[in-house]
Number of protein chains: 2
Amino acid sequence: MAKNKTTKVERQEQLSIYINTNPFLTDEDLAELLGVSVQTIRLDRLELRIPEYRERLKHVAMGEGDSVKSLSHGELVGELVDISVGKAGASILTITKEMVFKKNHVARGHHLFAQANSLAVALIDAAVALTGNARVSFRHPVKLGDRVVGNAEVSGSQDNKYKVTVVSKVKEQVVFEGIFTVFALAEEA
Amino acid sequence: MAKNKTTKVERQEQLSIYINTNPFLTDEDLAELLGVSVQTIRLDRLELRIPEYRERLKHVAMGEGDSVKSLSHGELVGELVDISVGKAGASILTITKEMVFKKNHVARGHHLFAQANSLAVALIDAAVALTGNARVSFRHPVKLGDRVVGNAEVSGSQDNKYKVTVVSKVKEQVVFEGIFTVFALAEEA
DNA sequence: TAATTATTAGTACCAGGTACTAATAATAGG
DNA sequence: CCTATTATTAGTACCTGGTACTAATAATTA
């Protein structure tokens, strides 16, 4: 037949690539892409130990599932527990396994920064606020499972420039301190 | 019957909570949890416009699917393109929709911080490295789709304390600058 | 040519649903 | 008190995306 003369191995390599770059492909999709029958795809997956569609989705979903409150999503990192716009606010961030170094279960600094930064920005009473600069100190390591309570306070302002001080604690112990300069922007800047 | 006298509305609220905190629950699971039949759960989902199990997983998986390189995962934010441990390194972060403010498509500062911070930490030749403090400036807004190239350099060291300077650019324009003080820790600190 | 490997077809089965019909409780209104 | 409406449950047929298995037919290799 006038089929592309690809070997089994070549096809299986392609299969791996397809699935790795897009786990949402079903066997039927793959069969069409590779020009073989669905049964062949199944045999290939078996040999390559690639789980079925639904299992794949489950695992992608799981890996990310409980990190919904993490940096990539939502407008705020952590959970806002109290806010008085223009004045002060607080948020809580629980350290999950995705946020820590595998080696020692210490949270990566940028998560604490992210909590503080998004809290600082949330405080500003403007359509859009951007961080201009920041000075931050990581006072004490934060561990997996810790509940980090961030407290922010607007400590000064000049024109559209606000100074926000954030102190984050884990059970009364200060773990992070930062001073953020946030700019309030007009609606259509 | 000696059932908990919960109203339909109360049950539906509970249902929402259950599903929000754990999208992996099937109708059967939920039926058992709430002490009603599977059919009732289905009707509830219909009324609440909650999609079915497989659709939910698909969406969790999708929402996060392409943000694998974002903050919550991997040991590094951005893609490492060059590194010479103890000296310098570079990484690239492409700004996705998850990283920007919906209103103006400008990247939230903490993502740039995260890229720089994880790059700084990666540079340190130690089992574990932690950021002590940092001074950062966001020079120019970064937009959705921008490819942020971060360049880090160890600019000094004293004992286990390293000073790392990071400059991030989008097409030759400096968008972020930061000086990080990173501490190298012993294996079993 | 015989043996082996690769590919395809088909069957029965499963999970987790949708969509629909129908029967039975429970609650409220007059 | 009886009726009308709402709530809940049961059951059926069907769908997707598979697993597990059997069997037949190419294509290759020894």
Side-chain angles (χ1 to χ4, degrees), chain A residues 1-69 73 98, chain B residues 1-68 73:
Chain A
M1 292 170 193
K3 221 170 257 181
N4 355 356
K5 202 73 184 172
T6 40
T7 88
K8 189 186 178 183
V9 178
E10 287 174 323
R11 184 190 60 231
Q12 294 189 338
E13 279 168 7
Q14 259 305 309
L15 180 74
S16 287
I17 296 172
Y18 275 133
I19 292 184
N20 278 330
T21 60
N22 181 7
F24 294 92
L25 294 168
T26 65
D27 287 357
E28 208 175 71
D29 296 340
L30 293 162
E32 202 168 329
L33 282 168
L34 297 170
V36 291
S37 74
V38 177
Q39 286 81 351
T40 303
I41 298 295
R42 311 242 225 247
L43 289 175
D44 284 348
R45 272 200 300 100
L46 255 177
E47 287 178 20
L48 299 171
R49 305 181 177 274
I50 295 172
E52 63 157 299
Y53 173 82
R54 287 177 293 238
E55 285 308 309
R56 293 196 303 267
L57 290 201
K58 223 174 275 184
H59 292 131
V60 210
M62 272 214 271
E64 307 271 358
D66 47 13
S67 69
V68 176
K69 275 174 207 141
H73 283 64
E98 284 81 15
Chain B
M1 293 175 191
K3 222 169 256 182
N4 356 356
K5 203 71 184 172
T6 40
T7 88
K8 189 187 180 182
V9 177
E10 287 174 324
R11 186 190 59 231
Q12 294 189 338
E13 279 167 7
Q14 259 305 308
L15 180 74
S16 288
I17 295 172
Y18 275 133
I19 292 184
N20 278 331
T21 60
N22 181 7
F24 293 92
L25 295 168
T26 65
D27 288 356
E28 208 174 73
D29 296 340
L30 293 161
E32 201 167 331
L33 282 168
L34 297 170
V36 291
S37 74
V38 176
Q39 286 82 350
T40 303
I41 298 295
R42 311 244 225 246
L43 288 175
D44 283 348
R45 274 200 300 100
L46 255 178
E47 287 178 21
L48 299 171
R49 306 183 174 275
I50 295 173
E52 64 157 299
Y53 175 81
R54 286 178 295 236
E55 285 308 308
R56 291 196 304 267
L57 290 201
K58 222 174 277 184
H59 292 133
V60 210
M62 274 214 270
E64 306 274 357
D66 47 12
S67 69
V68 176
H73 282 63

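Chain letters run A, B, ... following the sequence lines, proteins first and then strands; every chain starts at 1. Worth knowing before you read on, the calculation uses all heavy atoms, side chains too, and leaves out hydrogens, waters and symmetry mates.
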Chemist: Side chain of A:E52 only, please: which of D:dT19, D:dT9, C:dA6 is the nearest?
Modeler: D:dT19

Chemist: Can you tell which of D:dT16, D:dT19, C:dG16 lies closest to the side chain of A:R54?
Modeler: D:dT16

Chemist: Rounded to the nearest 0.5 Å, what's the gap from CD on A:Q12 to CD1 on A:I41? Could you check?
Modeler: 9.5 Å

Chemist: Measure CD/B:Q39 against P/C:dT21 and give the value in whole Å, please.
Modeler: 16 Å

Chemist: Show your working on side chain to side chain contact (heavy atoms under 4.5 Å, CB included) between B:R54 and B:L57 and close with a plain yes or no.
Modeler: CA-CA 5 Å; B:R54 286 178 295 236; B:L57 290 201; 5.8 Å; no

Chemist: Picking from D:dT9, C:dG17, D:dG17, which would you name as closest to the side chain of B:Y53?
Modeler: C:dG17

Chemist: Between atom OG of A:S37 and atom CG of A:L43, what is the distance when rounded to the nearest 0.5 Å?
Modeler: 8.0 Å

Chemist: Locate the shortest heavy-atom distance separating B:F24 from B:D29; write the atom from each residue and the value.
Modeler: O-OD2, 4.1 Å

Chemist: When the distance from CD of A:E47 to P of C:dT7 is rounded to whole Å, what number comes out?
Modeler: 9 Å

Chemist: CG of B:L15 versus C1' of D:dT8: gap in Å, rounded?
Modeler: 15 Å

Chemist: Please state whether the phosphate of C:dT8, meaning OP1 or OP2, lies under 4.0 angstrom from any side-chain nitrogen or oxygen of A:T40.
Modeler: yes

Chemist: At under 4.0 Å, does any side-chain N or O of A:T26 touch on OP1 or OP2 of D:dG17?
Modeler: no

Chemist: Using a strict 4.0 Å threshold on nitrogen-to-oxygen distance, state whether B:E47 and B:K8 make a salt bridge.
Modeler: yes

Chemist: Rounded off to whole Å, could you give me the CG-to-C1' distance for the A:L25 and D:dG17 pair?
Modeler: 13 Å

Chemist: If you find the nucleotide of DNA chain D closest to A:E28 and the one closest to B:V38, which residue's nucleotide is nearer the 5' end?
Modeler: B:V38

Chemist: Send over the distance from A:R42 CZ to C:dG10 C1', rounded to a whole Å.
Modeler: 12 Å

Chemist: Starting at CZ of A:R56 and ending at C1' of D:dG17, how long is that distance when rounded to a whole Å?
Modeler: 10 Å

Chemist: Taking only the side-chain nitrogens and oxygens of B:R11, find out if one of them lies under 4.0 Å from OP1 or OP2 of D:dT8.
Modeler: yes

Chemist: Find the distance A:L30:CG to C:dT8:P and express it as a whole number of Å.
Modeler: 14 Å

Chemist: Taking CD from B:E32 and C1' from C:dG16, how many angstroms apart are they, rounded to a whole number?
Modeler: 16 Å

Chemist: Determine: side-chain N/O of A:R45 to OP1/OP2 of D:dT19, distance under 4.0 Å, yes or no.
Modeler: yes

Chemist: Counting heavy atoms from C-beta on, name the nucleotide in C:dT18, D:dT9, C:dT7 closest to the side chain of A:K8.
Modeler: C:dT7

